[in-house]
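Positions are given from 1 along the sequence.
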Amino acid sequence: MPGTVVTFYSYKGGVGRSFTLANIAVLLARWGRRVLCLDWDLEAPGLHDYFQPMISTPPAGGVIDLISDFLEGRSPPLDHTVRLSGAGVLDFLAAGRQDADYVGRVQGIDWDHLYELGFGDYLESCREQWTADYDFVLLDSRTGVSDVGSICTAHLPDRLVVLFTANMQSLRGAVEIAERAGVARDPMPYDRAKLTIMPLLSRFDTREEYDRSEKWRQTALSETRGLFDNWLNQRIPPELIARHLTLPYVSYWSFGEQLPVLFESNPSADQIGFALETVAALIAHDFDRTDLLAENRDAYVAAARATKRQFVHDLRVSTPRSTLKLANELIAELGALGVRAERSLSGDRSLLTKLEDDARHLCLVIDGKVSRWQTAEVDLFLHRTLGQERRIIPVLTADADPNALPGHVGNLRYVKFSRSDGPAEVARGLAKQINGSAPRGGDLLDTLRRVAGASLPPPLWEIVDEIVRALLDAITAHDDAKVSELGDELALEIRPRVARRQDMKAPPETREVIEWVVRRLESVA
């Protein structure tokens with residue numbers, strides 16, 4: 001899938017825009033994303049100062065040289081990026097070579113004339129190449145109202161992060177430009193979704209004058225509330241997420257151009273690295289699953305941190321004590337097949353203290369029925385599975401009835417012990433599942449058919465409708481990891497529960513979407 005372009009913008013200077021972008025770029029790259037940073041603040045470039053310790057060779061060109069490449073007919077343009085050291089795949093496109101000619105070159109740019117010559121289409125081809133090569137393209141935009149600002153806020157981005165401080169000029173100016181950007185991109189001849197905008201309160205000091213800081217927090221929320229509409233989960237109040245989207249003022253980091261994320265490896269809640277990690281995780285998750293962010297910030301960040309990492313084990317085999325010997329034999333057979341497996345014994349509380357799993361997939365050895373401990377383990381596993389291709393695979397003992405399993409497990413494809421299928425045969429079935437692609441047919445179809453026949457309270461149907469619509473989008477985009485994640489989430493939402501008087505069958509509009517998804521799955525089966 002193509003990468004995402006994120007612009008960092010502020011109406012006023014001195015809000016920490018470049019500081020924020022540079023730190024988030026390092027976090028995303030450290031978490032395994034391919035990141036490109038562009039310094040579009042041509043009149044006052046400064047991003048290179050933050051990256052200076054990571055630059056081995058000074059940039060010989062930059063954004064301004066894209067104009068020269070365009071005028072000279074170079075397509076694609078020359079590669080003016082430099083690779084930064086110490087943070088995975090992190091490339092930097094500076095504003096330009098900082099020599100005696102730089103100021104004159106910037107002042108000589110006539111943006112209107114360039115666009116008349118077709119520079120907009122040329123820039124669009126550059127954008128396509130950037131999003132093909134990188135997971136995230138981060139743009140540091142010019143402040144105020146400018147031609148460069150319009151390029152960065154309207155033409156290029158998929159997402160817009162607007163930073164402001166606790167004063168009305170900064171706040172209202174940022175919101176106004178954000179709203180203008182959304183309007184300005186509508187008539188553009190480029191295929192873009194509606195602009196998603198994150199308001200970010202920066203350099204906010206809550207350690208003194210608590211009452212005044214809370215008043216300003218409410219003022220900021222009042223002015224920016226509308227910016228949450230097209231991405232925040234409807235069940236989550238903006239007040240809660242706005243507190244996560246606050247960068248505290250820390251005087252230590254206000255001196256010079258520094259990157260605290262290089263020094264705060266495990267920041268506490270009062271450190272700026274903590275807030276920067278939260279914003280980076282929200283970007284990494286594509287502004288999605290804000291319900292989890294509201295419920296458990298640490299799990300949300302851990303999921304972003306873990307998405308691209310290598311797992312120590314391929315499979316964690318969860319077993320009750322009654323099947324301990326069988327589980328050990330299964331792990332031995334898996335090892336012979338080259339599958340790295342570890343054992344999890346029911347009641348092992350060390351799992352609850354881990355922020356990240358060290359196994360990609362979860363195998364549940366079910367002896368008769370799913371234990372309460374295994375149910376909790378499944379919930380924890382799913383909590384940590386945002387954006388990752390991870391699976392839960394039930395392994396049933398001979399006397400376990402698959403039809404009696406709870407919905408969140410019964411809808412999954414299982415392997416079963418029998419007289420003819422012992423640990424060796426079951427291990428081969430497990431290896432086949434985890435080494436193959438995520439299923440897009442039978443398991444999910446069964447879940448959807450159960451949904452269609454379920455009776456749920458109206459609020460739950462709203463959640464199901466949201467999941468099913470997202471599922472249709474994921475199937476259309478051929479995003480198997482997302483399909484698997486949403487399928488598991490759907491199964492959890494319809495798990496058996498005590499019937500209530502307000503329960504009802506699926507509303508007509510939800511049933512229609514379910515039928516669309518079923519037909520789509522059947523067409524690719």
Side-chain angles (χ1 to χ4, degrees), residues 1-2 4 158-159 186 190-196 229-236 285-292 382 385-393 402-403 405-414 433 436-497 499-500 502-525:
M1 295 180 65
T4 302
D158 301 295
R159 310 281 182 257
D186 289 342
Y190 308 115
D191 185 16
R192 297 278 194 279
K194 186 176 182 180
L195 187 63
T196 306
D229 288 347
N230 69 334
W231 61 272
L232 182 61
N233 186 296
Q234 293 181 354
R235 293 178 292 164
I236 307 304
H285 288 312
D286 200 26
F287 291 37
D288 194 15
R289 286 304 306 274
T290 49
D291 54 334
L292 177 55
L382 293 175
T385 307
L386 282 176
Q388 303 169 62
E389 189 176 343
R390 306 178 70 199
R391 305 184 61 192
I392 299 172
I393 308 172
N403 295 318
L405 297 177
H408 63 291
V409 175
N411 292 315
L412 303 174
R413 185 167 57 172
Y414 61 85
Q433 282 209 46
S437 59
R440 297 184 59 192
D443 294 345
L444 188 52
L445 281 170
D446 289 343
T447 300
L448 287 164
R449 289 175 181 132
R450 292 193 185 198
V451 172
S455 293
L456 304 171
L460 196 53
W461 276 121
E462 293 179 8
I463 298 172
V464 169
D465 184 86
E466 182 180 328
I467 295 172
V468 174
R469 292 178 188 277
L471 188 58
L472 182 58
D473 292 340
I475 293 170
T476 302
H478 303 286
D479 188 346
D480 284 346
K482 189 69 173 178
V483 169
S484 179
E485 174 193 333
L486 291 168
D488 288 341
E489 186 175 341
L490 192 60
L492 278 175
E493 294 295 349
I494 64 163
R495 62 187 184 275
R497 64 192 73 222
R500 298 182 182 276
Q502 67 267 35
D503 285 357
M504 55 180 283
K505 293 294 185 181
E509 60 273 15
T510 303
R511 178 176 291 276
E512 183 178 352
V513 178
I514 294 171
E515 291 172 353
W516 266 101
V517 177
V518 168
R519 286 197 294 270
R520 191 64 184 267
L521 282 172
E522 290 175 339
S523 70
V524 298

Heavy-atom closest contact (Thr447 atom, Gly487 atom, distance): CG2-O, 4.3 Å
Under the salt bridge (Lys or Arg N to Asp or Glu O under 4.0 Å) test, residues paired with Arg511 that sit two or more places apart: none
Pairing residues for Pro458 by the side chain to side chain contact (heavy atoms under 4.5 Å, CB included) criterion, not counting sequence neighbours: Gln502, Met504
Atom pair CG/CG of Leu448 and Leu490 - distance to nearest 0.5 Å: 6.0 Å
Check: Lys194 side chain, Asn230 main-chain N or O, donor-acceptor pair, under 3.5 Å: no
Matching residue for Arg469 among Val513, Leu486, Val464, Val517 - test: side-chain contact (heavy atoms from CB on, under 4.5 Å): Val513
Side-chain donor/acceptor of Trp461 to backbone N/O of Leu456, under 3.5 Å: yes
Flag if over 12 foreign heavy atoms under 6.0 Å of CH2, Trp231: yes
Worked verdict on Asp288 versus Asn233 for side-chain contact (heavy atoms from CB on, under 4.5 Å): CA-CA 8 Å; Asp288 194 15; Asn233 186 296; over 6 Å; no
Salt bridge Glu515-Arg449, side-chain N to carboxylate O under 4.0 Å: no
Between Asp465 and Thr510, a side-chain donor and acceptor under 3.5 Å: yes
Asp286: partners by salt bridge (Lys or Arg N to Asp or Glu O under 4.0 Å), with sequence neighbours left out: Arg159
Full working for side-chain contact (heavy atoms from CB on, under 4.5 Å) between Ile393 and Tyr414: CA-CA 6 Å; Ile393 308 172; Tyr414 61 85; over 6 Å; no
Gap between atom CZ of Arg450 and atom CD1 of Ile514 - 0.5 Å precision: 14.0 Å
Close side-chain approach of Glu466 and Val468, heavy atoms under 4.5 Å: no
CD-CD1 distance between Glu489 and Ile463, expressed to the nearest 0.5 angstrom: 9.0 Å
Reported OG1-to-CG distance for the pair Thr196 and Leu232, which is rounded to 0.5 angstrom: 12.0 Å
Spacing of OG1 belonging to Thr290 relative to CZ belonging to Arg235, to within rounding of 0.5 Å: 9.0 Å
Least distance between heavy atoms, Leu195 atom then Asp158 atom: CD1-O, 3.7 Å
Over 12 non-hydrogen atoms of neighbours within 6.0 angstrom of CD in Glu512: no
